[in-house]
Amino acid sequence: MTDTELRPLLEVLRREAHSRVESLTAMLTELTHDRSSQSDDDEHDPEGVPLSAEWSRLNGLLDGARDELQQIDDALVRMDAGDYGVCANCGRSIPIARLRVRPFATLCVPCAEKLGR
């Protein structure tokens, strides 16, 4: 698999991650607005999930989407620099099978296992 095969995949993943970041940001903005107009004590709301729990859940999802977007951007930078597919730990090539599953991987399988990633 070459850069020309993986770049389109990374670009699709980037668009999807960017879309999630935008969507989650909008949801958090709306929730923050809703939360500001309500009592601080929403823990006893019988009608659903407390706003604080929903805010925490959305914030975690947003952090994850931002992290994924950054990993994809970093992979595209490595691709442009000619360093894509090279293990950041040992310098060996990252197997194509790993890049197909995780196109923004920075470690080969043995290094990822050794480092617990």
Side-chain angles (χ1 to χ4, degrees):
M1 188 173 269
T2 65
D3 291 358
T4 57
E5 294 171 273
L6 284 171
R7 182 176 290 276
L9 175 59
L10 284 167
E11 289 171 350
V12 166
L13 291 173
R14 187 185 190 292
R15 282 192 298 275
E16 290 171 354
H18 185 265
S19 177
R20 279 195 317 278
V21 167
E22 287 184 338
S23 175
L24 289 163
T25 299
M27 292 168 75
L28 271 169
T29 300
E30 183 179 331
L31 185 65
T32 301
H33 178 266
D34 291 348
R35 190 174 184 181
S36 68
S37 66
Q38 293 188 7
S39 162
D40 286 341
D41 182 19
D42 68 344
E43 297 300 319
H44 305 291
D45 181 3
E47 295 183 20
V49 177
L51 292 178
S52 59
E54 183 64 4
W55 181 87
S56 187
R57 184 186 75 82
L58 290 174
N59 210 31
L61 290 171
L62 179 58
D63 287 347
R66 284 179 175 154
D67 182 55
E68 183 178 336
L69 182 59
Q70 185 62 56
Q71 289 181 58
I72 293 165
D73 284 344
D74 292 347
L76 289 167
V77 167
R78 287 192 308 277
M79 193 174 276
D80 291 341
D83 299 329
Y84 182 76
V86 177
C87 179
N89 189 52
C90 70
R92 292 185 300 231
S93 292
I94 298 172
I96 295 300
R98 178 160 171 77
L99 292 173
R100 283 184 181 134
V101 172
R102 188 173 171 85
F104 42 86
T106 59
L107 300 171
C108 66
V109 174
C111 288
E113 288 174 349
K114 184 172 33 175
L115 297 173
R117 297 186 202 167

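Quick caveat: nothing in here was measured; it's all calculated off a predicted structure.
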Is it possible for you to say whether Met79 and Ile72 belong to one hydrophobic cluster, with membership spreading through side-chain heavy-atom contacts below 4.5 Å? yes
In one Ile/Leu/Val/Met/Phe/Trp/Tyr side-chain cluster, 4.5 Å: Leu61, Leu31: yes
Does Leu69 share a hydrophobic cluster with Leu58, counting links as ILVMFWY side-chain heavy atoms below 4.5 Å and allowing steps through other members? yes
Counting only N and O atoms by type, is there a donor-acceptor contact under 3.5 Å from the side chain of Arg98 to the main-chain atoms of Leu107? yes
Counting only pairs under 3.5 Å, give me each side-chain donor-acceptor contact of residues 12-22, with atom names and distances, residues two or more places apart or in other chains.
unit_1	atom_1	unit_2	atom_2	d
Arg14	NE	Asp73	OD1	2.5
Arg20	NH2	Glu68	OE1	2.7
Arg20	NH2	Glu68	OE2	3.4

Under the side chain to side chain donor-acceptor pair (under 3.5 Å) test, which residues partner Asp74, sequence neighbours left out? Gln70
Got a second to check how far Asp67's CG is from Gln71's CD, nearest 0.5 Å? 4.5 Å
Leu24 CG to Met27 CE distance, which is reported to the nearest 0.5 Å: 6.0 Å
Note: Pro103 and Leu6 closest approach over all heavy atoms is CB-CD2, 4.4 Å
Mind jotting down which residue pairs meet the salt bridge (Lys or Arg N to Asp or Glu O under 4.0 Å) criterion with at least one end in residues 78-93? Sequence neighbours excluded, please. Arg7-Asp80
So, the side chain of Ser56 versus the backbone of Ser52: is there a donor-acceptor pair under 3.5 Å, distance only? no
Distance (rounded to the nearest 0.5 Å) between Leu99 CG and Ile94 CD1: 5.5 Å
Straight-line distance of Phe104 CZ to Leu10 CG, nearest 0.5 Å: 8.5 Å
Under the side-chain contact (heavy atoms from CB on, under 4.5 Å) rule, what do Asn89 and Lys114 come out as? Steps first, then yes or no, please. CA-CA 10 Å; Asn89 189 52; Lys114 184 172 33 175; 4.2 Å; yes
Where Tyr84 and Ala75 come nearest, the two heavy atoms and their spacing: CD1-O, 3.7 Å
